[in-house]
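Below is one structure, written out as structure tokens; the observations come after it.
Below, each value reflects all heavy atoms present in this structure, side chains not excepted, and no hydrogens, waters or symmetry copies.
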Amino acid sequence: MQNSPLFSSYDFLKDTWDEMYSSDTKLRTQYETIIDYLKKMPIDELRKKEDLSKTLFMNQGVTFTVYNDNKGIEKIFPFDILPRIITYDEWTKIERGIKQRLIALNLFIKDIYHDQFILKDKVIPSELIYSCPYFLRQMKDLAPPFDIYTHISGIDLIRNNDGEFYVLEDNLRTPSGVSYMLENREISKRIFPGVLPQNNVLSVSNYPDLLYKKLQGCSQQSNPNVVLLTPGIYNSAYYEHTTLARMMGIELVEGTDLVVDNHFVYMKTTNGLKRVDVIYRRVDDDFLDPLEFNPNSVLGVAGIMSAYRKGNVTIVNAPGTGVADDKAIYIFVPDMIRYYLNEEPILKNIETYQLGKPDELEYVKKNISKMVIKKTDGSGGYGMLMGHEASDKEIEDYFKAVKEAPSAFIAQPILRLSTAPCFIDGTLSPRCVDLRPFALYGPDGIDICPGGLTRVALKKGSLVVNSSQGGGSKDTWVIK
């Protein structure tokens, strides 16, 4: 253990993998350079860097929205100044595992909306698909350009106490968080000048350029017009929408800015209508086209699905991709990999119980203190029951909801998320972290930005990293 006062209260969590220290409290090699740098720096100087990061986030307007907070919905995204560091060998395995997973998931979505071989072969129960709220009958037999459905994905990983990375969930609809990854790196460059090149940290700054090229490549047009469709300023990820549009040099549009005429999509401009070829949409399926989905939606574009069906516009991600990231379907992803690719999964799933199965429901009830229960269509950390924290009354009430629709819930063991050092109250203290790498799928293959967004549970002892639940983020360094 270090002698610096910075490390005086580093309190290891029992049976937990620590990203900075090995089990014998020896500093892991990848952290040596940054720790040497920190040991030479007065704590007051680190506090100033922390204050600078907050100021920079404030000035950049790096915010997210919490809809159920009575104190106000706009929040500055909490940022911990110490990076989470991953070795190149670890990253190589993560990268291979995500590519394998996305190829299988994309094949699954294509199959589900076409021949449905995986259902006919009874690898996945048909009722899971047809009861899934994200399965769109409007996509049946509709083929997107190049058969790519999952153009942009965010795959959530956790490192368990065995040191292995596990997939927590697949975000394939409108995954968010990449703007925070980019902003975190810019902040790191400001507060730790010279340290990143000294550590040979792989760059993430080319993500917007790579994204733009992938979006262009999704169109059959020679010079396609790409736009980003946002629900508007009240969306929780609006900062991200504006940031990505600006960085790619494309128009940020709302539904009212677009119109469909003769099965083509056009953008309204001061010079008249301009054809749109690719729409990077951050609007959920249900609000995308009031003629085919929610008739009350004012966020989407009437007739956009007809243009899509004719092949006159590419929608990214494809409508209906949510059928593959529903938590009930997650259980079967390893089977998909074996079925479509004839390979063993590189990244494992977390053991998951289906509460629609009476024996598994009974097991979960008996072991509720070791379980977390989630809604299959839930997100953002909402609607979960953490068994070890819940009161008897909360558990009883939750199971009443489960009884109403047991197939709408899954349960998983409460895992020991790995911990990474955070600068809290003038010392380093371990906090639980996860990782969301971002993958881009185009006709030229899959590219994964090296690192991703590390989310951190800033509350001591908490396992919930979601920003809406009090979590924050860190820069993620992949060092070569």
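Heavy-atom minimum distance, Val204 versus Pro450: CG1-O, 3.4 Å. Across all non-hydrogen atoms, the minimal contact from Leu182 to Pro208 is CD1-CG, 4.0 Å.
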Atom pairs and distances, donor-acceptor, side-chain atoms in residues 80-88, under 3.5 Å, two or more places apart:
residue	atom	partner	partner atom	Å
Asp80	OD1	Phe423	N	2.8
Asp80	OD2	Leu82	N	3.3
Asp80	OD2	Lys474	NZ	2.5
Arg84	NH1	Asp434	O	3.2
Arg84	NH1	Thr454	OG1	3.3
Arg84	NH2	Glu19	OE2	3.2
Thr87	OG1	Glu90	N	3.2
Thr87	OG1	Glu90	OE1	3.3

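Within a 6.0 Å radius of CE in Met41, other residues, nucleotides and ligands contribute more than 12 heavy atoms. A 6.0 Å sphere centred on CG of Asn59 holds more than 12 heavy atoms belonging to other residues, nucleotides or ligands. At most 12 heavy atoms of other shown residues, nucleotides or ligands fall within 6.0 angstrom of atom CG in Asn342. By the neighbour-count criterion of 12 heavy atoms within 6.0 Å, atom CZ of Arg190 is sparsely surrounded, having that number or fewer from other residues, nucleotides or ligands. Crowding of Lys213 atom NZ: a count of heavy atoms from other residues, nucleotides or ligands under 6.0 Å not exceeding 12.
Checking Asp18 against Thr419 by side-chain atom types alone, a donor-acceptor pair falls below 3.5 Å. Judged by distance alone, the side chains of Tyr280 and Asn317 never bring a donor and an acceptor atom under 3.5 Å apart. Donor-acceptor pairing under 3.5 Å is recorded for the side chains of Asn349 and Arg101. Tyr166 and Asp162 form a side-chain donor-acceptor contact under 3.5 Å, judged by distance and modelled atom types alone. A side-chain N or O of Ser205 and one of Ser203 form a donor-acceptor pair less than 3.5 Å apart. Ser153 and Asn171 form no side-chain donor-acceptor contact under 3.5 Å, judged by distance and modelled atom types alone. Using a 3.5 Å distance cut-off with no hydrogens or angles, the side chains of Glu351 and Gln412 do not pair a donor with an acceptor. Asp89 and Trp91 form no side-chain donor-acceptor contact under 3.5 Å, judged by distance and modelled atom types alone.
Here the side chains of Ile155 and Arg436 are not in contact, with every heavy-atom distance at 4.5 Å or above. Using a 4.5 Å cut-off on side-chain heavy atoms (C-beta onward), Gln30 and Trp477 make no contact. In this structure, the side chains of Tyr21 and Lys26 stay at 4.5 Å or more apart for every pair of heavy atoms. No side-chain heavy atom of Met384 sits less than 4.5 Å from a side-chain heavy atom of Ile373. Taking 4.5 Å as the limit, every side-chain heavy atom of Leu417 sits out of range of all side-chain heavy atoms of Val433. Counting heavy atoms from C-beta outward, Pro319 and Tyr308 have side chains that approach closer than 4.5 Å. Counting only heavy atoms from C-beta outward, the side chains of Val316 and Thr314 approach each other to under 4.5 Å. Within the 4.5 Å cutoff, the side chain of Pro345 has heavy atoms near those of the Pro334 side chain.
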Stepwise, does the ring pair (Phe, Tyr, Trp, His ring centres under 6.0 Å) test hold for Tyr10 with Phe12?
CA-CA 6 Å; Tyr10 201 83; Phe12 295 95; 5.2 Å; yes
Assess the residue pair Phe287 and Phe293 against the criterion (ring pair (Phe, Tyr, Trp, His ring centres under 6.0 Å)); give the C-alpha distance rounded to whole Å, side-chain angles, the decisive distance to 0.1 Å, and a yes or no.
CA-CA 7 Å; Phe287 300 98; Phe293 305 120; 9.9 Å; no
Please assess Asn184 against Ser473 for the test side chain to side chain donor-acceptor pair (under 3.5 Å), listing each intermediate value before the final yes or no.
CA-CA 8 Å; Asn184 288 352; Ser473 73; 3.0 Å; yes
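Considering SG of Cys449 and CG of Leu440, their distance stands at 8.0 Å, rounded to 0.5 Å. Taken to the nearest 0.5 Å, the CG atom of Asp475 stands 8.5 Å off from the CD1 atom of Ile191. Rounded to the nearest 0.5 angstrom, Thr242 OG1 and Glu240 CD are separated by 9.0 Å. The CG atom of Leu244 sits 8.5 Å away from atom CD1 of Ile152, with the distance rounded to the nearest 0.5 Å. The CD1 atom of Ile94 sits 6.0 Å away from atom CG of Leu157, with the distance rounded to the nearest 0.5 Å.
Between Glu251 and Arg246 there is no salt bridge, since no side-chain nitrogen of the basic residue lies less than 4.0 Å from a carboxylate oxygen of the acidic one. For Arg173 and Asp325, the salt-bridge test passes: some basic side-chain N is under 4.0 Å from an acidic carboxylate O. Ion pairing between Arg455 and Asp156 holds under the 4.0 Å rule for side-chain N and carboxylate O. Under a 4.0 Å N-O distance rule, the pair Glu164/Arg159 does not qualify as a salt bridge. By the 4.0 Å N-to-carboxylate-O rule, Lys189 lies close enough to Glu186 to be salt-bridged with it. Remark: Lys48 does not engage Asp51 in a salt bridge, criterion side-chain N to carboxylate O under 4.0 Å.
For Tyr398, the ring-ring contact (aromatic ring centres under 6.0 Å, His included) criterion is met by Phe409, not counting sequence neighbours. Under the rule for a side chain to side chain contact (heavy atoms under 4.5 Å, CB included), the partners of Glu254 that lie at least two apart in sequence or sit in another chain are Thr230, Thr256, Asp257. Residues satisfying the side chain to side chain contact (heavy atoms under 4.5 Å, CB included) criterion with Thr174, sequence neighbours excluded, are Arg281, Arg282, Asp284. Residues passing the salt bridge (charged side-chain N to carboxylate O under 4.0 Å, His left out) test with Asp147, sequence neighbours excluded: Lys110.
Under the 3.5 Å distance criterion, the side-chain polar atoms of Gln100 are matched with a main-chain donor or acceptor of Ile346. Here the side chain of Thr243 pairs no donor or acceptor atom with the backbone of His241 at under 3.5 angstrom. Between the Asp285 side chain and the Gly320 main chain, a donor and an acceptor come within less than 3.5 Å of each other.
For residues 186-213, every residue pair satisfying the ring-ring contact (aromatic ring centres under 6.0 Å, His included) rule, not counting sequence neighbours, is listed here: Tyr37-Phe192.
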